[in-house]
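To keep things clear, I will list the structure first and then write my remarks on it.
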2 protein chains.
Amino acid sequence: MATSRANEILPVLEQDIVTGKLTPGTRLDETVLAEKFGVSRTPIREALNRLSTSGLVEIRPRRGAIVAAISVQDLMNMFEVMADLEALCARLAARRITPAEKEALRAAHVDCHALSGTENFDEYYVLNLRLHDLLYKASHNSFLEKQVCELRRRLSPHRRLQVRIPGRILASSNEHGALVKAVIDGDAALAEKLTRNHVAIQGERFTDFLATLPSHYLQASA
Amino acid sequence: MATSRANEILPVLEQDIVTGKLTPGTRLDETVLAEKFGVSRTPIREALNRLSTSGLVEIRPRRGAIVAAISVQDLMNMFEVMADLEALCARLAARRITPAEKEALRAAHVDCHALSGTENFDEYYVLNLRLHDLLYKASHNSFLEKQVCELRRRLSPHRRLQVRIPGRILASSNEHGALVKAVIDGDAALAEKLTRNHVAIQGERFTDFLATLPSHYLQASA
DNA sequence: AATCAAATTCTTGTATACAAAAAATCATTT
DNA sequence: AAATGATTTTTTGTATACAAGAATTTGATT
């Protein structure tokens with residue numbers, strides 16, 4: 001698939017950043033990475049350049065690359081946009097979702113809901129992602145889908161761990177229930193509103209998110 | 001400012017694409033560009049790589065780079081997202097705009113409105129941009145502002161010329177009037193709604209936009 | 001001992017060299 | 001003359017070499 005070395009290296013590096021294996025602020029030494037991947041510096045530089053455009057890496061001229069460190073303010077801003085784009089997805093999905101997609105969405109919700117009683121956060125995290133992915137897809141706007149996914153990827157390195165508040169799964173799942181119903185019923189306005197609340201910057205979700213922030217966010221700013 | 005050659009070349013290339021000097025589909029030969037800029041291929045490749053991530057350039061493995069050619073479907077998708085992000089800007093601006101920004105917005109509208117009677121499309125284009133930029137800024141969400149601007153840049157190479165329909169300036173300016181008032185009055189819901197209509201995919205604006213599309217959009221797809 | 005300056009080392013950025021793949025050209029065959 | 005296949009030429013992708021700017025270390029001075 002990936003024909004060039006750079007194209008193979010890029011997703012690996014990206015994954016390491018997104019999953020938090022490489023934390024924000026970490027220096028990305030070209031020579032070290034080159035050795036690690038068994039290539040010369042050239043393809044490494046290519047990958048880092050691309051990552052810098054997408055915002056995951058920050059390149060300071062003549063001073064090397066680091067995993068992008070962003071401020072709480074930036075994070076709130078990104079979350080605000082994320083909520084809006086997700087709401088747009090829901091609105092469009094309510095208008096454009098196909099019967100097959102309805103079925104898949106229902107199934108994804110059932111899977112999520114099965115964990116309602118439990119505190120199985122890791123598994124819920126995955127199933128929750130899948131449900132949201134289905135909503136993005138159902139918007140039938142591939143550009144929007146790509147933007148939302150990229151933004152989510154960009155946010156993910158900044159959650160150190162998933163929210164682990166008792167009862168959160170149940171609450172989230174109930175919100176999903178209403179949202180899924182609105183989308184399937186074709187109620188665009190309701191789907192949009194429910195999504196806004198679900199991801200809202202004022203709501204629990206974001207507070208939860210802030211609560212999981214590593215302490216270094218409380219001081220510095222890029 | 002731009003310390004490296006690549007950092008100097010990137011904006012030039014970007015500008016050439018955005019302004020339509022380099023049209024979608026044009027091959028970007030590394031050697032030719034290297035000669036033109038008086039550098040080796042290395043910084044050229046760096047710039048092209050970065051442009052590929054932001055979507056202005058498409059790099060096909062082993063087959064070189066071209067100015068990104070996108071389908072009408074993609075364009076409609078991007079416009080749909082653009083409308084939504086602009087609406088978000090307006091909503092946030094209505095809540096967060098400062099007195100100084102109100103004044104600037106009013107002034108920008110006055111400038112726009114001065115051209116209402118005329119058919120001075122070129123000048124109106126610039127003033128219209130300025131007014132919208134002020135709205136982005138007034139959202140006080142720098143990430144959102146950046147996203148909207150980038151999306152606009154990405155859309156711009158695909159309008160061959162500005163819409164030149166008689167009376168369009170007057171209509172646009174009137175819409176601005178209502179929008180500016182809503183923002184200044186702090187009516188977020190109205191500001192959002194007016195913006196949606198102003199940029200709406202269903203509305204005149206997008207139809208105008210489609211009408212200016214170069215003919216090659218009518219056939220192919222990437 | 002602390003601080004500042006000079007020199008050294010290390011790292012980034014660019015150029016060049018080389019290898020491999022794609023495109024183009026040319027010859028051969030039907 | 002058209003089509004197909006082999007050969008040449010271009011062009012991309014990677015490695016290496018080199019230059020210039022940071023960072024660090026060392027040494028001198030207060």
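In what follows, chains are A, B, ... by sequence order, proteins preceding strands, each numbered from 1.
- Under a 4.0 Å N-O distance rule, the pair A/R154/A/D74 does not qualify as a salt bridge.
- Here A/R5 does not pair with A/E8 in a salt bridge; the nearest charged N to carboxylate O distance is not below 4.0 Å.
- Straight-line distance from the CG atom of B/N49 to the C1' atom of D/dT12: 12 Å, rounded to whole Å.
- Side chains of B/L48 and B/L13 form a contact here, defined as non-hydrogen atoms less than 4.5 Å apart.
- If you measure from atom CZ of A/R62 to atom P of D/dT24, you get 16 Å, rounded to the nearest angstrom.
- The CD atom of A/E46 sits 12 Å away from the P atom of D/dT12 (whole-angstrom rounding).
- Side-chain atoms of B/R63 stay outside donor-acceptor range of the base of D/dG13, with no qualifying N/O pair under 3.5 Å.
- The main-chain N or O of A/R168 is never found under 3.5 Å from a side-chain atom of A/S172 such that the two would form a donor-acceptor pair.
- Ring pair A/Y124/A/H176 is parallel by interplanar angle, where below 30° counts as parallel and above 60° as perpendicular.
- The pair B/R45-A/E46 counts as a salt bridge, with a side-chain nitrogen and a carboxylate oxygen less than 4.0 angstrom apart.
- Atom CZ of B/R5 is separated from atom C1' of D/dA20 by 11 Å (rounded to the nearest Å).
- For DNA chain D, the neighbouring residues in residues 30-40 of chain A, judged by any heavy atom under 4.0 Å, are A/V39, A/S40.
- Under the 3.5 Å distance criterion, with hydrogens and angles disregarded, a donor-acceptor pair is assigned to the side chains of A/E86 and A/Y136.
- The two atoms that bring A/G55 and A/A68 nearest to each other are O-CB, 3.3 Å, heavy atoms only.
- One interatomic measurement links the two molecules: CZ of B/R27 to P of D/dT10, which rounds to 14 Å at whole-angstrom precision.
- If you walk DNA chain C from 5' to 3' and mark each nucleotide with an atom closer than 4.0 Å to a heavy atom of chain A, the marks span C/dT11 to C/dT14.
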